[in-house]
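Single-structure report; data block below.
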Amino acid sequence: MFKRSIIVMAIGLSLGVQAAGTLTKDNGAPVGDNQNSITAGPNGSTLLQDVHLIQKLQRFARERIPERVVHARGTGAHGEFVASADLSDQTVASLFAAAGKTTPVFVRFSTVIHGNHSPETLRDPRGFAVKFYTDQGNWDLVGNNLPVFFIRDAIKFPDMVHSLKPSPVNNMQDPNRFFDFFSHDGTATHMLTQLYHDIGIPASYRQMDGFGVHAYKFVNEAGEVRYVKFNWRSQQGVKGLSLDEAAKVQSSDFNHLTRDLYAAINAGDLPKWDLYIQTITPAQLNSFSYNPLDATKIWPDVPEVKVGTMTLNRMPDNFFQETEQAAFAPGNLVPGIEPSEDRLLQGRIFSYSDTQLYRLGANHQQLPINRPLVAVNSNNQDGAANSGNTKSNVNYEPSRVEPKGALTTARAVTTALNGTVQQQTIDKTDNFSQAGALYRAYSKKEKDNLIRNLAADLGQVTDSATKHAMLSYFYKADADYGSRITKAVKGDLATVKQLAAQL
Ligand code: HEM
């Protein structure tokens, strides 16, 4: 063996085979000179034959891909999820089949509105996206650090994001624009009361909870359905920054969230989150004062049951190849977990894969970070950058040559329907009760900071009708809340009360 490798090395050297570590072009051929272009003599022009120079410039010019249209700035980590309960009575999802069952995960935390490399100290919801590489394919639970959302219908998402993104005229974010959008009805009141709490600027990604926000459906072997919400609870606790603390952090480090995650995990201080579920039966859907499938609502009276723990334990080797190319999609579901009828979620089921086909290409699910651990037998074919290793002649179904069976437990659950095709808002919108309850549950300091944080943005709004409409929503949620924020932004309380009385 020893002699043989010496002989191989000797042949290699004599043939000029490069050693590991040799600088190469993309075709693997060695580079002869990485300092000087090939020129026509000492003073002549550069030659077109300089493939290395041309390739370097071409590849450099193509290094950027479109950034995510939202959630552009983020950071990811690998880890594992260990189930703590056997949920097979509720779902055929195999990751919950036995206590102790371990499933690898990749998690990406993110800010929402501003671009890649924007400061991480800005007020924003934070993304909390988890890809579970299960033995039934990938399940993506694409959530946020706040338990509710601004809107309840996907048709408003592009409008809302446009209002929150920097202005198309001067490229600066402007509270006049987003409050102009939010002031037309009170749908966002609960979310804004969450977001303007100090947790709207997390101290670290480790110190925030995560929420699936929507209800999904658990389906068991008998085809029984339970609506389920997924809530991550941080074992590190939850900590946000006040405006003063955030300003101080930003003056020294606008990457505090990314830096903290790399530092902690690389030092072996591994963050953990417990996963809790809340479940209700379809028969219970109409028994609440709110609509449980409305993404602006939490389920305050439904108990949380712990179902597992996630530990993040390894940072990516390469940011772009893993974190930037990670594609989380609410449509990546596994048998036993289905979308609920929540119309915000229904829009998301379409939107993510669609944007990823554009952002990353037709074969993005073949990239190592997105590839399922199980074999993919989808019969999908070709497309740009296809790195599959498909050997079969049968790329269709059914086939006698190579039968591929569908799994009946993965079939969509049978659901009764009635009513009409329509375009109407949901019943029981109740935009204010949960916002008021949240305000009243805050401590004195939390209330003080909420008012200050909110006034910092609402106080910039110059249009009186916009400002007073927003104030009336906070007043409707809670009179003390509305009165205090009215005073803080120098609004007219009589006008606020009059508007609130009409809601
Ligand atoms: C109809 C409403 C929504 C639409 C249309 C929508 C659309 C999008 C799109 C297009 C992306 C970029 C995906 C990519 O390029 O890979 C994205 C990212 C994201 N969205 Fe949404 N979104 C919606 C609501 C929500 C809600 C309610 C949540 C939280 C529960 C959420 C959480 C996230 C997260 C965490 C990411 C980043 C995923 C990652 O880290 O790559 N979105 N969203």
Side-chain angles (χ1 to χ4, degrees), residues 64-78 105-116 120 124-132 138-165 187-188 190-191 194-195 202 205 208-216 228-232 257-258 261 293-298 312 316 319-332 339-361 364-365 367 369-370:
R64 297 289 98 78
I65 59 170
E67 64 176 32
R68 289 169 177 84
V69 64
V70 281
H71 294 261
R73 170 103 214 232
T75 195
H78 296 271
V105 297
F106 184 73
V107 175
R108 182 173 177 270
F109 303 116
S110 49
T111 58
V112 181
I113 293 301
H114 293 277
N116 207 342
E120 293 184 312
D124 217 355
R126 296 306 195 271
F128 194 121
V130 183
K131 186 179 286 294
F132 295 84
N138 289 351
W139 173 41
D140 296 349
L141 181 58
V142 194
N144 278 342
N145 71 326
L146 304 176
V148 292
F149 205 61
F150 302 95
I151 52 172
R152 57 170 68 91
D153 191 319
I155 201 166
K156 294 317 299 166
F157 190 77
D159 295 298
M160 183 193 79
V161 170
H162 288 170
S163 80
L164 284 160
K165 282 267 186 192
T187 317
H190 187 186
M191 180 65 166
Q194 299 265 359
L195 181 64
Y205 279 138
M208 53 180 215
D209 288 341
F211 300 91
V213 175
H214 312 279
Y216 290 81
V228 54
K229 281 209 189 218
F230 299 98
N231 306 330
W232 295 104
L257 299 177
T258 299
L261 199 70
L293 305 185
D294 172 358
T296 71
K297 301 297 184 294
I298 56 168
L312 299 184
F319 183 85
F320 182 87
Q321 287 164 8
E322 296 169 72
T323 305
E324 196 60 17
Q325 295 197 116
F328 300 86
N332 285 339
S340 72
E341 295 79 8
D342 175 338
R343 52 187 74 176
L344 193 71
L345 175 59
Q346 294 277 324
R348 295 181 72 202
I349 297 288
F350 163 76
S351 176
Y352 288 67
S353 297
D354 180 57
T355 194
Q356 286 151 7
L357 291 170
Y358 162 69
R359 181 168 75 83
L360 297 161
H364 64 268
Q365 301 218 52
L367 290 166
I369 193 65
N370 299 322

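This chain uses plain numbering: 1 for the first residue, then up along the sequence. When a ligand or atom number is given, it counts from 1 through the structure's own listing order.
Using a non-hydrogen distance threshold of 4.0 Å, Gly74 does not register as a contact of ligand 1. Heavy-atom separations between Gly127 and ligand 1 include at least one value shorter than 4.0 Å. Contact between His214 and ligand 1 is present, with at least one heavy atom of the residue lying under 4.0 Å from the ligand.
Protein heavy atom in closest approach to atom 15 (O) of ligand 1: Arg359 NE, 2.8 Å. Of all protein heavy atoms, the one lying nearest to atom 13 (C) of ligand 1 is Thr355 CG2, 3.6 Å. For atom 25 (C) of ligand 1, the closest heavy atom belonging to the protein is Arg348 NE, 3.2 Å. Given atom 5 (C) of ligand 1, the protein heavy atom at minimum distance is Phe157 CD2, 3.3 Å. Taking atom 11 (C) of ligand 1 as the reference point, the nearest protein heavy-atom neighbour is Val70 CG2, 3.5 Å. In this structure, the protein non-hydrogen atom closest to atom 35 (C) of ligand 1 is Gly143 O, 3.2 Å.
Judged purely by distance below 3.5 Å, without hydrogens or angles, the side chains of Thr258 and Glu120 pair a donor atom with an acceptor atom.
Asp153 and Lys156 are not joined by a salt bridge, as no carboxylate oxygen comes within less than 4.0 angstrom of a charged side-chain nitrogen.
By the 3.5 Å distance cut-off applied to N or O atoms, Arg108 is counted among the residues near ligand 1. On a distance-only criterion, Arg68 and ligand 1 share at least one N/O pair closer than 3.5 Å. At under 3.5 Å, a nitrogen or oxygen of His71, whether backbone or side chain, sits near a nitrogen or oxygen of ligand 1. Considering backbone and side-chain atoms alike, Asn144 places every N or O at 3.5 Å or more from each N or O of ligand 1.
In this structure, Phe319 places its CZ atom where more than 12 heavy-atom neighbours from other residues, nucleotides or ligands lie under 6.0 Å away. Within 6.0 Å of the CD1 atom in Ile155, the count of heavy atoms belonging to other residues, nucleotides or ligands does not exceed 12. Remark: Tyr358 OH is loosely packed, at most 12 non-hydrogen atoms of other residues, nucleotides or ligands lying under 6.0 Å away.
Nearest heavy-atom pair, Asp342 versus Ala295, reported as atom, atom and distance to 0.1 Å: OD2-CB, 3.8 Å. Summarising the geometry of Ala72 relative to Glu324, their closest heavy-atom pair is O-OE1, 4.5 Å, with the distance given to 0.1 Å. The minimum heavy-atom distance linking Gly74 with Arg108 is given by the pair N-NH2, 3.3 Å.
In Val213, the part holding a heavy atom less than 4.0 Å from any atom of ligand 1 is the side chain.
Note on ring orientation: taking the six-membered ring where Trp is involved, the planes of Tyr205 and Phe109 are parallel (angle under 30°, cut-offs 30° and 60°).
Paired with His214 under the rule side chain to side chain donor-acceptor pair (under 3.5 Å), one option of Arg348, Gln346, Glu341 passes, and it is Arg348.
Relative to atom 43 (N) of ligand 1, the option among Phe211, Phe350, Tyr352 with the closest non-hydrogen atom is Tyr352.
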Assess whether ring-ring contact (aromatic ring centres under 6.0 Å, His included) is satisfied between Phe230 and Trp139, documenting all intermediate values.
-> CA-CA 13 Å; Phe230 299 98; Trp139 173 41; 5.1 Å; yes
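Atoms of ligand 1 found under 4.0 Å from any heavy atom of Val69 (numbered from 1 in listed order, with element): 10 (C). Each of the atoms 1 (C) of ligand 1 lies under 4.0 Å from some heavy atom of Ala154. Residue-ligand proximity, Phe128 to ligand 1, at heavy-atom distances under 4.0 Å covers atoms 35 (C).
At a cut-off of 2.8 Å, Ser351 is not counted among the residues with an N, O or S atom near atom 21 (Fe) of ligand 1.
Aromatic pair Phe328/Tyr352: ring centres not closer than 6.0 Å.
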